[in-house]
Amino acid sequence: GIMKKRMDNISKRILPLFIVFTMLFSFVPVHAEVNTEVERENLALGKSATASGYEAGSNFTAAKAVDGNVDRPADINKGGTSRWASNLNAVKPWITIDLGEVKAFDEVAIEWERRNVNSYKVEVSDDNATWTEIHNSTAKNDFKEVLDLGSQNARYVRITIEDYSPTQEGSNISWNT
């Protein structure tokens, strides 16, 4: 009686460990696929956006960053029509999105037209005056970046490009925005 009960308890504790160990060291892939992708609400879509400026003679205003269109051309030597472009040769250009009221969020998705940003930061504010940095990137940007920022509550989100290159690898065009 007691010995059998003891052996049952030991087997109940060892079996899960053995299964994990087997999965870790087995050459047979063992995994379960679960579709955890959930359609995320774009809190910035159609909201008010302001910027340090935009490229003179263009219609690449801050509003283009929140219009929901991502039309990055496959040919990196061509430009899209729906994007914000900073002033030419701008120093630390920024864009701010006003979510209209304090909203809870845990990620920021950025669709860059070019891979020429060397460093940037993301900040949040409730009053558009006092800012708190929630992300700082010092690595070359990807075309699409989804930043996991933990639990945030803010009305305003600002992205400041700290440093960028006028060229992108593989492109023969020099951009100043």
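- Note on I161: it clusters hydrophobically with V157, by side-chain heavy-atom contacts below 4.5 Å among ILVMFWY residues.
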Worked check of side chain to side chain contact (heavy atoms under 4.5 Å, CB included) between F105 and E41: CA-CA 10 Å; F105 60 93; E41 179 184 0; over 6 Å; no
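- V102 has its side chain within reach of R155: a pair of non-hydrogen atoms, C-beta onward, lies under 4.5 Å apart.
- Placement of W131 and I95 in two distinct hydrophobic clusters is found when ILVMFWY residues are connected by side-chain heavy-atom separations under 4.5 Å, directly or transitively.
- Cluster membership check: L43 does not share its hydrophobic cluster with V146, using side-chain heavy-atom separations under 4.5 Å among Ile, Leu, Val, Met, Phe, Trp and Tyr.
- D142 places no side-chain N or O within donor-acceptor distance of the main-chain N or O of K144, the cut-off being under 3.5 Å.
- One finds the CG atom of L45 at 9.0 Å from the CG atom of N69 (value rounded to the nearest 0.5 Å).
- With hydrophobic clusters built from ILVMFWY side chains whose heavy atoms lie under 4.5 angstrom apart, V124 shares a cluster with V66.
- Sparse packing is recorded around OH of Y54, with 12 or fewer heavy atoms of other residues, nucleotides or ligands lying under 6.0 Å away.
- Ring centroid separation for the pair W112 and Y164 does not come in under the 6.0 Å cut-off.
- Y156 and I110 are assigned to two separate hydrophobic clusters, defined by single-linkage of ILVMFWY side chains at heavy-atom distances under 4.5 Å.
- P93 and S86 get closest at one heavy-atom pair: CB-CB, 3.5 Å.
- Minimum interatomic distance between E107 and D148 (heavy atoms only, all atoms of both residues): CB-CA, 4.4 Å.
- Here the closest non-hydrogen pair linking E133 and E123 is CA-CG, 3.9 Å.
- Between the side chain of S125 and the main chain of T130, a donor-acceptor pair closer than 3.5 Å is present.
- Atom NZ of residue K103 and atom CD of residue Q152 lie 16.0 Å apart, to the nearest 0.5 angstrom.
- Atom OG1 of T138 and atom CG of D163 lie 10.5 Å apart (nearest 0.5 Å).
- A heavy-atom distance below 4.5 Å is found between the side chains of E145 and Y120.
- Summarising the geometry, atom CG belonging to D106 is positioned 10.5 Å from atom CG belonging to N153; distances are rounded to the nearest 0.5 Å.
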Evaluate the criterion side chain to side chain contact (heavy atoms under 4.5 Å, CB included) for residue pair H135 and V108; output intermediate values, then yes/no. CA-CA 10 Å; H135 180 78; V108 168; over 6 Å; no
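- Counting only distance, with no hydrogens or angles, the side chain of T160 and the backbone of K92 share no donor-acceptor pair below 3.5 Å.
- Between T50 and W94, the shortest heavy-atom distance links the atoms O-CZ3, 3.7 Å.
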